[in-house]
Amino acid sequence: MQVNKRILDKLKLKKKNERVYYSKNRYYQFSLKDIYELKKISSKNDKLIRICLHKNDKQKIQEMIIMHKQPQIVGPLKQKKESISYHVFSGELNILLSDKKIKEKFIVKKNESLRIPCNIFRKIKSTKKNTIFLEITTGPFKDEQTIWKKII
């Protein structure tokens with residue numbers, strides 16, 4: 001337990017829950033080494049780690065550094081927001097957009113980015129272990145704005 005606190009203090013993070021951490025400071029400098037440090041103290045059962053660079057869910061800009069510790073699929077989901085972007089630092093994301101009129105697939109590799117509308121169903125699939133990416137969208141975040149779909 002003391003080791004966990006030491007690592008969180010070193011990384012200037014506070015724990016929201018088993019998967020989500022928030023920056024303690026107004027300024028936050030990040031390196032890939034930091035998220036690997038965080039991975040050491042994360043639960044083995046959790047498939048992802050999320051570092052929120054914004055101070056709380058009410059902020060207008062929501063920036064999250066996310067690590068998929070193992071390949072996984074998130075979604076299909078959409079939100080009542082304008083756009084969302086993904087910037088891949090390590091690994092690869094396959095992003096499938098699906099709507100009545102649209103069916104698009106994007107492969108976003110290391111050092112690539114993608115900006116898409118938020119109000120179209122999307123499925124995000126990481127294809128490699130320890131895929132790390134930055135996700136940016138508008139806030140505030142309200143869970144009820146997320147619409148989940150069973151099939152895409």
Should the pair [X]-[Y] be classified as a salt bridge under the 4.0 Å nitrogen-to-oxygen rule?
X: K40; Y: E37; value: yes
X: K12; Y: D34; value: no
X: K24; Y: D9; value: yes

Can any side-chain N or O of E112 pair as donor or acceptor with the backbone N or O of V108 at less than 3.5 Å? no
Do any N or O atoms from the side chain of S126 and from the backbone of K128 form a donor-acceptor pair under 3.5 angstrom?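 Not a single qualifying donor-acceptor pair exists.
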When you look at K123 and I95, which way does the side chain to side chain contact (heavy atoms under 4.5 Å, CB included) test go after all the steps? CA-CA 6 Å; K123 182 166 46 171; I95 300 175; over 6 Å; no
Is the number of heavy atoms from other residues, nucleotides or ligands under 6.0 Å of K81 NZ greater than 12? yes
Go through the steps for K69 and S42 under the test side-chain hydrogen bond (donor to acceptor under 3.5 Å, both in side chains), then give the verdict. CA-CA 10 Å; K69 293 162 54 174; S42 70; 2.8 Å; yes
Would you say the side-chain atoms of [X] and [Y] include a donor-acceptor pair closer than 3.5 Å?
X: K80; Y: T146; answer: no
X: H54; Y: E63; answer: no
X: S98; Y: K103; answer: yes
X: Y86; Y: R122; answer: yes
X: N130; Y: K39; answer: yes

Check for me, please, whether L11 and Y27 land in the same ILVMFWY cluster - side-chain distances under 4.5 Å, paths through other members count. no
Would you say N94 and K105 make side-chain contact, with heavy atoms under 4.5 Å?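 Yes. Closest side-chain heavy atoms under 4.5 Å.
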Are N111 and V88 side-chain neighbours, meaning at least one heavy-atom pair lies under 4.5 Å?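 Heavy-atom side-chain distance check fails, nothing below 4.5 Å.
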Test side chain to side chain contact (heavy atoms under 4.5 Å, CB included) on E92 and I107 and set out the steps. CA-CA 7 Å; E92 181 179 287; I107 297 173; 3.7 Å; yes
Starting from the C-alpha separation in whole Å, work towards a yes-or-no answer on side chain to side chain contact (heavy atoms under 4.5 Å, CB included) for M64 and I51. CA-CA 5 Å; M64 295 129 309; I51 299 173; over 6 Å; no
Can you classify the ring geometry of F133 versus H68 as parallel (below 30°), tilted (30 to 60°) or perpendicular (above 60°)? perpendicular
Check the pair L134 / F30 against side chain to side chain contact (heavy atoms under 4.5 Å, CB included), numbers first and verdict last. CA-CA 11 Å; L134 174 65; F30 163 80; over 6 Å; no
Gap separating the CZ atom of F89 from the NZ atom of K110, nearest 0.5 angstrom: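 Going from CZ on F89 over to NZ on K110, the span is 11.5 Å.
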State whether Y21 and K15 meet the cation-pi test: NZ (Lys) or CZ (Arg) under 6.0 Å from the six-membered ring centroid, and within 45° of the perpendicular axis.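 Judged by the rule (NZ or CZ under 6.0 Å from the ring centre, within 45° of its axis), K15 is not positioned above Y21.
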